[in-house]
Amino acid sequence: MDVTTDAAAPWLIVGLGNPGPEYAGNRHNVGFMVADLLADRVGGRFKRAGRAQAQVVEGRIGPPGPLNRRVVLAKPMSYMNLSGGPVNALRDFYKVPVGHVVAVHDELDIDYGVLRLKLGGGDNGHNGLKSMTKAFGAEYHRVRFGIGRPPGRMPVADFVLKDFSSAERKELDHFVDRAADAVEALVIEGLERAQSTYNS
């Protein structure tokens, strides 16, 4: 769905991650990091969302006028592999079409810090996406944040549940900021224009 087809509908921007301080710095939690930055930008603080197992911030992004968009930022408080239930509950509550859902998530098959924006597609083994697709179909937007492949023979599960390395952390703030910019561009300008700017 293009942004112009239902401009009045809110956008649901979902940062994927695992709840709890022990996971906060993990590679798997980069979606939470981007959601936190977007919340800062709209001047909101995450709070529990009624009966949904999630935290939300409601706000607006974009310039005044027709490009100004109503957004709901969300962090599911289930674990990653159960993200679909809370996201679908929020989608129903806020009456968000599937094409106005944006998942921000870590991506193993992309080099660290590289972004790829897309609509629909497979889950590529990502349990958060798998759960969302099972809950309401695959035709939602994704902002894929590259974390690269694990070194040597390190299992994928160990790699994604480790914190970013000290070398990676030197650039992490910059990359998270760029990912937040990409989300805003997607919602305000549409997928194709955002891709042309941020799909490096």
Side-chain angles (χ1 to χ4, degrees), residues 12-40 46 48-49 52-57 73-90 101-118 120-136 138 140-183 186 198-200:
L12 177 59
I13 300 165
V14 182
L16 292 178
N18 285 308
E22 66 271 34
Y23 298 105
N26 289 180
R27 293 181 178 93
H28 222 19
N29 269 44
V30 74
F32 274 19
M33 297 174 196
V34 175
D36 285 338
L37 179 56
L38 287 166
D40 285 344
F46 278 100
R48 199 81 181 186
Q53 200 177 358
Q55 292 183 353
V56 297
V57 168
L73 308 173
K75 296 193 295 186
M77 291 289 111
S78 59
Y79 285 94
M80 178 72 85
N81 60 353
L82 299 173
S83 300
V87 176
N88 206 29
L90 292 173
V101 176
V102 182
V104 185
H105 63 92
D106 58 306
E107 178 61 64
L108 286 159
D109 288 336
I110 303 174
D111 290 340
Y112 174 59
V114 173
L115 298 175
R116 291 278 189 278
L117 283 66
K118 63 182 278 194
D123 57 59
N124 205 21
H126 193 288
N127 288 330
L129 299 182
K130 194 176 295 182
S131 180
M132 287 175 60
T133 296
K134 185 177 178 183
F136 51 83
Y140 54 91
H141 290 85
R142 298 104 190 272
V143 174
R144 305 157 73 203
F145 186 111
I147 61 169
R149 301 294 304 185
R153 297 187 177 186
M154 181 188 290
V156 164
D158 291 347
F159 179 69
V160 300
L161 293 176
K162 278 190 165 29
D163 286 1
F164 287 99
S165 70
S166 56
E168 288 170 334
R169 283 198 296 273
K170 290 175 183 173
E171 296 182 287
L172 183 59
D173 286 350
H174 166 71
F175 289 144
V176 168
D177 193 65
R178 191 164 184 271
D181 290 347
V183 171
L186 168 62
Y198 293 97
N199 277 21
S200 40

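Note that the coordinates shown come from a computational prediction; the quantities given were computed from them, not determined experimentally. Each residue takes its place number in the sequence, starting with 1.
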Colleague: Count the heavy atoms of every other residue, nucleotide or ligand shown that sit under 6.0 Å from NZ of K134, and state whether that count exceeds 12.
Modeller: no
Colleague: If you measure from CE on M77 to CZ on F46, what distance do you get to the nearest 0.5 Å?
Modeller: 8.0 Å
Colleague: Hey, could you give me the CD1/CG distance between I147 and D111, rounded to the nearest 0.5 Å?
Modeller: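 The CD1 atom of I147 sits 11.5 Å away from the CG atom of D111.
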Colleague: Checking D106 now: which residues fulfil side-chain hydrogen bond (donor to acceptor under 3.5 Å, both in side chains) with it, not counting sequence neighbours?
Modeller: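 With sequence neighbours excluded, D106 shows a side-chain hydrogen bond (donor to acceptor under 3.5 Å, both in side chains) to H28, H126, given in chain and number order.
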Colleague: Within this structure, what is the NZ-OG distance for the pair K75 and S83, rounded to the nearest 0.5 Å?
Modeller: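 So the NZ of K75 and the OG of S83 are separated by 13.0 Å.
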Colleague: Rounded to the nearest 0.5 Å, what separates atom CG in D123 from atom CZ in R142?
Modeller: 8.0 Å
Colleague: For the CG atom of L115 and the CG atom of N199, what is their distance to the nearest 0.5 Å?
Modeller: 8.0 Å
Colleague: Ignoring hydrogens, what is the shortest heavy-atom contact between S78 and P19? Give both atom names and the distance.
Modeller: O-CD, 3.2 Å
Colleague: First locate atom CG of L16, then atom CG of N127, and finally report the distance between them rounded to the nearest 0.5 Å.
Modeller: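 It comes to 10.5 Å.
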Colleague: Quick check: do H141 and L117 have side-chain heavy atoms less than 4.5 Å from each other?
Modeller: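 Not in contact.
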Colleague: Is the backbone N or O of G128 less than 3.5 Å from a side-chain atom of S131, with the two atoms forming a donor-acceptor pair by type?
Modeller: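 A pair under 3.5 Å: no.
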Colleague: Which residues pass the salt bridge (charged side-chain N to carboxylate O under 4.0 Å, His left out) test with R144, sequence neighbours left out?
Modeller: E107
Colleague: For A35 versus L73, what's the shortest heavy-atom pair and its separation?
Modeller: O-CD1, 4.2 Å
Colleague: Counting only N and O atoms by type, is there a donor-acceptor contact under 3.5 Å from the side chain of N29 to the main-chain atoms of N18?
Modeller: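 The answer is yes, because a donor-acceptor pair under 3.5 Å joins these two groups.
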Colleague: Among all residues two or more places apart in sequence or in another chain, which pass the side-chain contact (heavy atoms from CB on, under 4.5 Å) test with A49?
Modeller: A52, V56, L90
Colleague: Please collect all ring-ring contact (aromatic ring centres under 6.0 Å, His included) contacts where either partner lies in residues 142-165, sequence neighbours excluded, each pair once.
Modeller: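 Every ring-ring contact (aromatic ring centres under 6.0 Å, His included) pair that includes a residue of residues 142-165, provided the two are not neighbours, is Y112-F164.
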Colleague: Please report the shortest heavy-atom distance between A103 and Y140, naming the atom on each side.
Modeller: CB-CE1, 4.0 Å
Colleague: Which pairs pass side-chain hydrogen bond (donor to acceptor under 3.5 Å, both in side chains) with one or both residues in residues 145-167, sequence neighbours excluded?
Modeller: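 Applying side-chain hydrogen bond (donor to acceptor under 3.5 Å, both in side chains) to every pair that reaches into residues 145-167, excluding sequence neighbours, yields N26-D163, D109-R149, S165-E168.
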Colleague: Looking at every heavy atom in both A135 and N88, which two are closest together, and how far apart are they?
Modeller: O-ND2, 3.6 Å
Colleague: Extract all donor-acceptor atom pairs below 3.5 Å that involve side chains of residues 176-183 and protein atoms in other chains or at least two apart in sequence.
Modeller:
residue	atom	partner	partner atom	Å
D177	OD1	R41	NH2	2.8
D181	OD1	R41	NH1	2.8
D181	OD1	R41	NH2	2.9

Colleague: Of the non-hydrogen atoms in A138 and G121, which two are nearest, and what is the gap between them?
Modeller: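 Between these two residues, the closest heavy atoms are CB-O, 3.6 Å.
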